[in-house]
Chemist: 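Input: one structure, supplied below.
Just follow the structure's listing: the first ligand is 1, and inside any ligand the first atom is 1.
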Amino acid sequence: MKSLSERDQKHLWHPLTQHKLHPKMLGLVKAKGAVLYDEQGREYIDGISSWYTCMYGHCNDAIIAKVYAQMQQLDQVVFSGFTHEPAIALSEALISLLPSNQEKLFFSDNGSTSTEIGIKMALQYHHNKGKKRSVLLAFEDGFHGDTFGAMSVSSLSVYNGPFEDYFIDVKRIPVPTDDNIGRLLHELENTIDLDAIAGFIYEPLVQGAAAMKMHKAEHLEKILKVIKSHGVLAIADEVMTGFGKTGRHFASDYMEVKPDIICMSKALTAGMLPMAVTSCTQEVYDAFYSDDIAKGLFHGHTYTANPLACAAALAGIELLKSDDIQKNIAQIIQWHQEFDAEIKDHPKVASTRQIGIIYALDLNIVMERYGNVRDKLFKHFMDSGVFLRPLGNTIYILAPYITTREQMQKIYNSIKEVLNSF
Ligand SMILES: *Cc1c(COP(=O)(O)O)cnc(C)c1O
């Protein structure tokens, strides 16, 4: 029998992959808790929760039970004209978890569609009010997904070259720092025509794809105040930050000023099934509520509010709110702080940062070689039984909430080996 790794190469085209340079995929056969198992029987601790999804652990029994029960009751139905218990129960659970101004939920399938919908809501909100606002505002280093609207508001990437001519109109501002915040606010008030801007889309506090780059809530809050005073809708992309990772349910919970629209996916369904939600305020919803049919939001995906995905999301929220998971989160935050104290002054460490269970460190290495170093780092981690995906010269940990002390120690040790041997 050929291995998965060999059979894969015949018909499959993988995401974010140049197959000529990287022809070989690792065949995985099983996942349980914080551990992935490959076809050779080797184990890897999932140090990035499979792209920030399976926060309560892979193949979680409580989630499986709820999805299995739902599977036997109602699997998939049209969500236009029909409704069902899992979607309603999820709406009640999610609205009580979200910042208090959120009132309505719109379902879709993935993070990119959730931001795409957020963007469309913002553009049509103004259109329905008879105003033309056709520009979006975004952070320079943001990432919001791979569909056209989402790509347009993401930071310019060399990989997006073939599409740039077709992007929607976006004005970019730098991420706030202690140094630039004064200038940034001045620029927002004086050199950007905020009255032409429909919405400001941002990853609150942590920019995942930008290598876990972090900014302060107090700075972001000042930006939100300015844009909102000009009628610009605040669209928080919490696809990565949502559901407890920052130490609060949502990163937006660190601020008094609330977003008008929130995009969620990834950990929403606990890594069991794909689904996304875009939530909004009553005020946004009301701009679409009309006797005029054309003022509705004519956007819909076939699998909208899939009952199985709703059941997984409900089970995930129940776990998130449990004392056990909240204790685990507090515990991991403390472990990371202890690890940070141990390594932050190491000569190979340029800087470190942490919010909640997200921990990142920048290596003090020569940048021109980093393509190479990144591959070497990845191989080192995998060889030591740890799945981490360094971004440039940044190593970050975003392990599931159920990661044990021993498993986390293995991740820390593997990073320490890098510091002492690279
Ligand atoms: C992953 C991600 C997306 C895109 O989600 P997909 O499910 O991959 O389409 C959008 N925004 C943020 C902040 C993300 O981390």
Chemist: Considering only heavy atoms of G111, which atoms of ligand 1 have at least one such atom less than 4.0 Å away?
Modeler: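 Counting from 1, the qualifying ligand atoms are 4 (C), 5 (O), 6 (P), 7 (O), 9 (O).
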Chemist: For E256 and E221, which heavy atoms make the closest approach, and how far apart are they?
Modeler: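 For E256 versus E221, the nearest heavy atoms are N-OE2, 2.6 Å.
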Chemist: Is there a side-chain contact between M382 and L26 in this structure, where contact means two heavy atoms from C-beta onward sitting under 4.5 Å apart?
Modeler: yes
Chemist: If you apply the rule ring pair (Phe, Tyr, Trp, His ring centres under 6.0 Å), what do you find for H84 with F79, and how did you get there?
Modeler: CA-CA 8 Å; H84 47 71; F79 202 63; 5.3 Å; yes
Chemist: Within the distance-only criterion (no hydrogens, no angle test), does the side chain of E6 pair as donor or acceptor with the backbone N or O of S3 below 3.5 angstrom?
Modeler: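 Side chain of E6 to backbone of S3, a donor-acceptor pair under 3.5 Å: yes, one is there.
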Chemist: Is the F250-F243 ring centre distance short of 6.0 angstrom?
Modeler: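 So the answer is yes for these two rings.
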Chemist: Can you name the atoms of ligand 1, numbered from 1 with element, that are less than 4.0 Å from a heavy atom of S112?
Modeler: 4 (C), 5 (O), 6 (P), 9 (O)
Chemist: What is the nearest protein non-hydrogen atom to atom 13 (C) of ligand 1, stated with its residue, atom name and distance?
Modeler: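 Nearest protein contact, heavy atoms only, for atom 13 (C) of ligand 1 is D237 OD2, 3.3 Å.
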Chemist: Any protein heavy-atom neighbour for atom 8 (O) of ligand 1 (distance below 4.0 angstrom)?
Modeler: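 Not a single protein heavy atom is under 4.0 Å away.
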Chemist: Looking only at distance, does E203 have an N or O less than 3.5 Å from an N or O of ligand 1?
Modeler: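 So ligand 1 has no N or O lying under 3.5 Å from an N or O of E203.
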Chemist: As a quick check of understanding, evaluate ring pair (Phe, Tyr, Trp, His ring centres under 6.0 Å) for F200 and F139, giving each step before the final call.
Modeler: CA-CA 9 Å; F200 168 47; F139 277 141; 5.2 Å; yes
Chemist: If you count the atoms of ligand 1 from 1 in the order shown, which ones are under 4.0 Å from a heavy atom of F143?
Modeler: 2 (C), 3 (C), 11 (N), 12 (C), 13 (C)
Chemist: Measuring from non-hydrogen atoms of K266 to any atom of ligand 1, is the shortest distance under 4.0 Å?
Modeler: yes
